[in-house]
Amino acid sequence: METSDIISVENLVEVYADGTRALEGISFNVKDGEFFGFLGPNGAGKSTTIKILTTLLRKTSGHAQVAGYDLEKSPKEIRKVIGVLTQETIIDVDLTGKENLRLQGRLQQIHGSALEKRVDELLKTVQLEEFANKPAGRYSGGMKKRLDLASALIHKPKLLFLDEPTTGLDPQARASIWDYLDELNREEGITIFLTTQYLEEADKLCRRLSIIDHGKIVAGGSPAELKQAIGHDTITLSLKNPKDSLLRSETKRILQEIPGVVDVTDSDGGIAAHAKNANEIIADVVTALDRNNIRPTSLNMSSPTLDDVFLHHTGRRIRPEELGRKPTEQILM
């Protein structure tokens, strides 16, 4: 049975008042129950797309439907069935975790025992039961993000929008959020639309994704399909005397003659042999080099990554601004 689309977008364009073209006629769809992603750097158009689909920004042109509702004709109906988690947490730091969820529940017209039951249920889901009655201002960054996620889920949305939800978190907190999101999608069937500039995040969570750059979708498919489409595994080796031009030339010649090798290139002081199934010819590479008394100081094999995919389609790599920065974390007192 074919799954229906919960999001359908055709030729979506967004031009800001200053003339900036944030979206250049993008088209895509998201299936009901899918974990779908937008992967791209800052300024690619990811957040603009989210703002339009969550009715926070009026599109310039194009057509879009969310959960069966037309974006322009039925914005109120759309807001009732979606949850939104942005880069910035929206919790009230003066309220406790439980009070924050109660407030969000009342805003969604949930009251009485039904609200209390849902609050307790969510606190358990995001593992904040122990801290439910402590002020949210004393939570760590990861705990605040988990509370923010619970707030977005208070009304049991059919569709959850996540705009770079783990920006600024440390690796442990990020991994924890990934586990919650994966469980939400797999066990509760919530459709999730994730935007991210983290390659590992997209690879781990998204069953299907679109790569967006400068307001245009440049590629789409499952992470595995995207990586397979660009071609080859890579066998990289380092030589004892990398500046020896004769040794490099001879090594390249030997590698090029091995069946299965489609290309040989220089790579960061070493030599890279590209092949469709590197694991099947790695023994042949070692044997051929040894036969010619060439013994590399190291030899590594790698498969294409989403960064390689992005490079292939855009000519550059993704460099998340947050990588290398020390995340801001508060310690629970």
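In this chain, residues are counted from 1 in sequence order. Source: prediction; values computed, not measured.
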(request) Identify, with sequence neighbours excluded, every residue that meets side chain to side chain contact (heavy atoms under 4.5 Å, CB included) alongside Val262. (result) His232, His274

(request) List for me each residue that meets side chain to side chain contact (heavy atoms under 4.5 Å, CB included) alongside Arg291, sequence neighbours excluded, and say none if there are none. (result) Thr287, Ala288

(message) Looking at every heavy atom in both Phe310 and Pro41, which two are closest together, and how far apart are they?
(response) CZ-CD, 3.6 Å

Exercise answer: donor-acceptor pairs, residues 78-86 side-chain atoms, under 3.5 Å, sequence neighbours excluded:
residue, atom, partner, partner atom, Å
Arg79, NE, Thr55, OG1, 2.8
Thr86, OG1, Glu88, O, 2.8

(request) Starting from Leu56, walk the hydrophobic network (Ile, Leu, Val, Met, Phe, Trp, Tyr; side-chain heavy atoms closer than 4.5 Å) and list everyone else you reach, by chain and number. (result) none

Using residues 298-306 as the side-chain source, report each donor-acceptor pair under 3.5 Å to any protein atom, sequence neighbours left out, with the distance given to one decimal.
residue, atom, partner, partner atom, Å
Ser298, OG, Ser238, OG, 3.1
Ser303, OG, Asp233, OD1, 3.4
Thr305, OG1, Asp307, N, 3.3
Thr305, OG1, Asp308, N, 3.1
Thr305, OG1, Asp308, OD2, 3.2

(message) With heavy-atom distances below 4.5 Å as the criterion, would you say the side chains of Leu209 and Leu226 are in contact?
(response) yes

(message) I'd like to check the salt bridge (charged side-chain N to carboxylate O under 4.0 Å, His left out) partners of Asp120; sequence neighbours left out, ordered by chain and number.
(response) Lys98

(request) Applying side chain to side chain contact (heavy atoms under 4.5 Å, CB included), name anything that partners Glu77, two or more places apart in sequence or on another chain. (result) Tyr69, Ser74

(request) Measure the spacing between CG of Leu162 and CD1 of Ile50 and express it to the nearest 0.5 Å. (result) 7.5 Å

(request) May I ask you to decide whether Arg102 forms a salt bridge with Glu99, counting only side-chain N to carboxylate O separations under 4.0 Å? (result) no

(request) Sort and list the pairs that fulfil salt bridge (charged side-chain N to carboxylate O under 4.0 Å, His left out) and have at least one residue in residues 295-304, not counting sequence neighbours. (result) Asp290-Arg295

(request) List for me each residue that meets side chain to side chain contact (heavy atoms under 4.5 Å, CB included) alongside Gln127, sequence neighbours excluded, and say none if there are none. (result) Arg146, Tyr180

(message) Between Thr60 (side chain only) and Val15 (backbone N and O only), is there a donor and an acceptor less than 3.5 Å apart?
(response) yes

(request) Using the side chain to side chain donor-acceptor pair (under 3.5 Å) rule, collect all pairs that involve residues 147-163, keeping only residues at least two apart or in two chains. (result) Ser47-Asp163, Asp163-Thr195

(request) Quick one: which residue pairs count as a salt bridge (charged side-chain N to carboxylate O under 4.0 Å, His left out) with a foot in residues 51-70, not counting sequence neighbours? (result) Lys59-Glu72

(message) With a 4.5 Å cut-off on side-chain heavy atoms, are Leu101 and Leu147 touching?
(response) yes

(message) On a heavy-atom basis, which atom in Tyr139 and which in Lys144 lie closest, and how many Å separate them?
(response) O-CE, 3.5 Å

(message) Considering only residues two or more places apart or on different chains, which pairs with a residue in residues 200-222 satisfy salt bridge (charged side-chain N to carboxylate O under 4.0 Å, His left out)?
(response) Glu34-Arg208, Asp182-Arg207, Asp203-Lys227, Asp213-Arg316

(message) Tell me if a side-chain donor or acceptor on Asn185 pairs with a main-chain N or O of Ile190 at a distance below 3.5 Å.
(response) yes

